[in-house]
Amino acid sequence: MTMMISKFHKLIQSRLLWGVFLVVIVFSFVIWGMIWPSDLDEAERANAAGLLAGEPVPHGEFRSAYLSTSMARALNMGRDVEYTPESEALLRRLSWQRLATLREARKLGITATEEELIGAIRANFAETNGVYNRQRYQAFLQNMLQPMGFTAGQFEQHVREEITIQKLASLIGRQAHVTPLEIRQTFDTLLDEFTAEYATVRPADVEAEVEATEADARQLFEANPTAFTLPEQREVSYAAFPVADYVDESMEIAEDEILDYYELHIEEYTTQETDTNGQPREVVADMDEVQDEIVKALRRAAAIEKADAAATELAFRAIPDRDGTVPEFAAEAEKSRRPAHKPAPFSRFDTPVADAGAAFTATAFELELDAFDRVSAPVRGQDNLYVIYLERVIPERVPAFEEIQDRAMTAARQNAVGEKMAAKAAAVKAAAEAGLAAGQTFGETVTALGLASAFAPPFTGLSGSSSTNPVVAALVQAVVSYNQGEVLEPVPFAEGMIVAHLQQRTPADPASFDSYRTEIAEAIRNRRAQGLFRDWQAALLDPALFTDLQRPAESYDDQEEGADEEVDLEEESAGTDGDQSPANTTDQETPDLETAPAETM
């Protein structure tokens, strides 16, 4: 026994033996804790927003594309727009299209340089003489972009992407060709002059004859219940911190602070006027004239900081403490002497708190039901800061008919009115054709039917396409395929339906053809190139190559028809770049476009 113990003692003192043990143990732990490539792929897919050509797309990259597409939409409309379920689906599709487009551009090495960015911004914010106006750009950022919720840095990134997309579109558009016959046909379409007499059939002309019943509404609902789907809703509580409660009217403001504010906001105190020679000049208000206004602004800024601090304190108190106890939000809000409010459940397309606008809704839909992510950071409104607490999530659902009966009744009546208008317009067309064949004038025929006739101002395809006259704008698209003396098929327009008689079609002057040939050919080529590019973009989202893991794939098929009606938005919203979430974008100094290079914001 003593010998065995002695051998064992020597054995455990062996460095070689302990080295073997160490290798075995370390190797076991490494194998046990290793993430194999297959596991990594599964994790990436589980955390991805979607798949493109088999590759996962991070949520940050999609959010960046969505933000840029939203910006394009807002800038295209000239304002922040109200979202609907239909426009949201289209916006998501265009965001994916934008993302996929810029991924392809990166593969081809197509990028935008800083010089190109500077040139694009200088060109778009120049005076009529072509000289860049920095104040004009700053005014755009402050008065249009920022109220929409976007930063200068996000805008400049958007411009970079647009330059890249235009380069790629130009490359693909080189495949577009134009024939001489197309040029001649387009010349005739654009420059022939049309004179038309018309009558309009409006909803008021048929509404008295229309009756929609509950049975009609139910039939409409049962034919397509998903058309009445109620979107996901959020039920929240919130506490409001009025900025006015934190304003200190006796707060002393140092002279250097007033001077700094004046210099930083000098554009706000600069106006344009015309001198005695008729030349424009800038006039800057003296600081003494605006000092009271500046003091008020600085006191308000200090009040916002205090309100933000108080709101942040509530947000921290409303999350679980160290022992995991979950506080009651209403009780914590009461401690801050800010009672909790509970608006009615709302969707992402609603504005439950007007003061905070879309920011309130967007923040509410970023919250999650777990204890740590159901309380928001302070959300700034016009007059208040808000802390939002997520109570529950109401999933998207198809409602029972009784829940949306009023909405279905309205839709059924609108359908009935539309069908009645179309039927009456068709009857007017038939009567007009018969009257003309019998020797009556168009005006005599429609007057006998109780409608008034009028003449549209003479127009060509070229002048009519930019006309502000709604009748001409509607007729110009339809009249080009008709001959003189014919009655057009009823044409829809904003106020109802138009029935028109083409009284005269004067051919364009053949001598002017050569002067228009090059311009027409280029216009056709550009339009065809745009079509080729859009088709190429659509192919990037082929179901075999693309999966949106956040939304059923078939929903994009439902949007194809609507997408054709949103050509302007689609041309503005083609791609995105990078994997950076908009929430992480930092706003640095605006690049000085007077010099190069520009700094990324």
| said: Has Asp355 got a side-chain atom pairing as donor or acceptor with Asp383's backbone, closer than 3.5 angstrom? | reply: yes

| said: Go through it in stages, so that I can follow the logic: the residues are Ile404 and Leu230, the test is side-chain contact (heavy atoms from CB on, under 4.5 Å), and I'd like the CA-CA distance, side-chain angles, deciding distance and then a yes or no. | reply: CA-CA 9 Å; Ile404 47 81; Leu230 297 178; 4.2 Å; yes

| Within-4.5 Å side-chain heavy-atom neighbours: Phe546 and Leu51 | no

| message | For the backbone of Ala354 and the side chain of Thr351, can you confirm whether one donor and one acceptor N or O come within less than 3.5 Å of each other? | response | no

| message | Ignoring hydrogens and geometry beyond distance, is a side-chain donor-acceptor pair present between Thr271 and Glu282 at under 3.5 Å? | response | no

| message | Just so I know, are the side chains of Val375 and Ile388 near enough to count as touching, which here means a heavy-atom distance under 4.5 Å? | response | no

| request: Side-chain contact test, heavy atoms from C-beta onward, threshold under 4.5 Å: evaluate it for Leu145 versus Leu75 and give yes or no. | output: yes

| query | Just how far is it from atom CD of Gln233 to atom CZ of Phe349, taken to the nearest 0.5 Å? | reply | 11.0 Å

| query | If every non-hydrogen atom of Thr363 is compared with every non-hydrogen atom of Ala359, which pair is closest and at what distance? | reply | OG1-O, 2.8 Å

| field | Short side-chain to backbone donor-acceptor contact, Thr361 and Asp350, under 3.5 Å | value | yes

| Do you know the tightest heavy-atom contact between Ala408 and Phe401? | CB-CE1, 3.9 Å

| message | Between Arg397 and Glu403, does any side-chain N to carboxylate O distance fall below 4.0 Å? | response | yes

| said: Taking the cut-offs as 6.0 angstrom to the six-membered ring centre and 45 degrees off its axis, would you call Arg234 and Phe365 a cation-pi pair? | reply: yes

| Going from CG on Asp370 to CG on Asp373, what distance comes out if it is rounded to the nearest 0.5 angstrom? | 4.0 Å

| field | Separation of Gln138 CD from Asn133 CG (nearest 0.5 Å) | value | 10.0 Å

| query | Taking C-beta and beyond as the side chain, do Arg160 and Glu116 meet within less than 4.5 Å on heavy atoms? | reply | no

| query | Do any N or O atoms from the side chain of Ser68 and from the backbone of Ser64 form a donor-acceptor pair under 3.5 angstrom? | reply | no

| side chain to side chain contact (heavy atoms under 4.5 Å, CB included) partners of Leu369, counting only residues at least two apart | Arg374, Leu390, Val393

| task | Give a yes or no on whether a salt bridge exists between Glu55 and Arg103, defined as a side-chain N under 4.0 angstrom from a carboxylate O. | result | yes

| query | What is the ring orientation for Tyr386 with Phe360, classed by angle as parallel under 30°, tilted 30 to 60°, or perpendicular over 60°? | reply | perpendicular

| message | For the backbone of Pro543 and the side chain of Thr547, can you confirm whether one donor and one acceptor N or O come within less than 3.5 Å of each other? | response | no

| task | Please check if atom CD in Glu127 has more than 12 non-hydrogen atoms from other residues, nucleotides or ligands closer than 6.0 Å. | result | yes

| query | From Glu255 CD over to Asp260 CG, what is the distance, rounded to the nearest 0.5 angstrom? | reply | 11.0 Å

| message | Do the side chains of Glu252 and Arg299 get close enough for a salt bridge, i.e. N-O under 4.0 angstrom? | response | no

| request: Would you confirm whether His265, through its side chain, and Tyr261, through its main-chain N or O, come within 3.5 Å as a donor-acceptor pair? | output: yes

| Between CG of Asn143 and CD of Glu267, what distance do you get to the nearest 0.5 Å? | 10.5 Å

| Chi angles and distances behind the side-chain contact (heavy atoms from CB on, under 4.5 Å) call for Gln135, Thr270 | CA-CA 9 Å; Gln135 286 72 32; Thr270 303; 5.7 Å; no

| request: Would you please test Leu220 and Asp216 for side-chain contact (heavy atoms from CB on, under 4.5 Å) and show each step? | output: CA-CA 6 Å; Leu220 183 66; Asp216 296 328; over 6 Å; no

| remark: Correct closest heavy-atom pair for Arg407 and Ala227 would be NH2-O, 3.2 Å

| request: May I ask you to test the Val283-Arg281 pair for a side-chain heavy-atom distance under 4.5 Å? | output: yes

| message | Does this structure show an ion pair linking Arg348 with Glu232, if we count only N-O contacts that are shorter than 4.0 Å? | response | no

Could you give the side-chain donor-acceptor pairs of residues 236-247 under 3.5 Å, partners two or more places apart or in another chain?
residue, atom, partner, partner atom, Å
Ser237, OG, Glu391, OE2, 2.6
Asp245, OD2, Arg338, NH1, 2.9
Tyr246, OH, Arg338, NH2, 3.2

| For the residue pair Ala49 and Asp548, what are the closest heavy atoms and their distance? | O-OD1, 3.4 Å

| field | Side-chain donor/acceptor of Asp286 to backbone N/O of Asp288, under 3.5 Å | value | no

| message | With a sphere of 6.0 Å drawn around CZ of Phe316, does it hold more than 12 non-hydrogen atoms of other residues, nucleotides or ligands? | response | no

| query | If you take all heavy atoms of Gly496 and Pro203, which pair is closest and at what distance? | reply | CA-CD, 4.4 Å

| Is there side-chain contact between Arg106 and Thr164, with heavy atoms separated by less than 4.5 Å? | no

| task | Answer yes or no: is there a donor N or O on one side and an acceptor on the other, between the side chain of Gln154 and the main chain of Thr151, under 3.5 Å? | result | yes

| Can you tell me how far the CZ atom of Phe329 sits from the OH atom of Tyr389, to the nearest 0.5 Å? | 8.5 Å

| query | Does the side chain of Ser336 pick up a donor-acceptor pair with the side chain of Arg317 at under 3.5 Å? | reply | yes

| field | Side chain to side chain, Gln405 and Glu214, heavy atoms closer than 4.5 Å | value | yes

| message | salt bridge (charged side-chain N to carboxylate O under 4.0 Å, His left out), that's the test. Do Glu366 and Arg63 meet it? Break it down for me. | response | CA-CA 12 Å; Glu366 289 174 357; Arg63 284 196 300 270; over 6 Å; no

| Glu293 bridged to Lys296 by N-O distance under 4.0 Å | no

| request: Determine, for Arg413 against Glu211, whether the closest basic-nitrogen to carboxylate-oxygen distance falls under 4.0 angstrom. | output: no

| field | Partner set under ring pair (Phe, Tyr, Trp, His ring centres under 6.0 Å) for Tyr269, not counting sequence neighbours | value | Tyr262

| Arg136 (side chain) donor-acceptor with Ala126 (main chain) under 3.5 angstrom | yes

| said: Between Thr325 and Asp321 (side chain of the first, backbone of the second, donor and acceptor by atom type, cut-off under 3.5 Å), is there such a pair? | reply: no

| Of the non-hydrogen atoms in Leu99 and Ala65, which two are nearest, and what is the gap between them? | CB-CB, 4.0 Å

| message | Run the side-chain contact (heavy atoms from CB on, under 4.5 Å) test on Val379 and Leu385 for me, step by step, so that the C-alpha distance in whole Å, both residues' side-chain angles and the decisive distance to 0.1 Å come before the verdict. | response | CA-CA 5 Å; Val379 179; Leu385 278 86; over 6 Å; no

| message | Any heavy-atom pair between the side chains of Lys335 and Glu332 that's under 4.5 Å? | response | yes

| Do Phe155 and Phe140 have ring centroids that are under 6.0 Å from one another? | yes

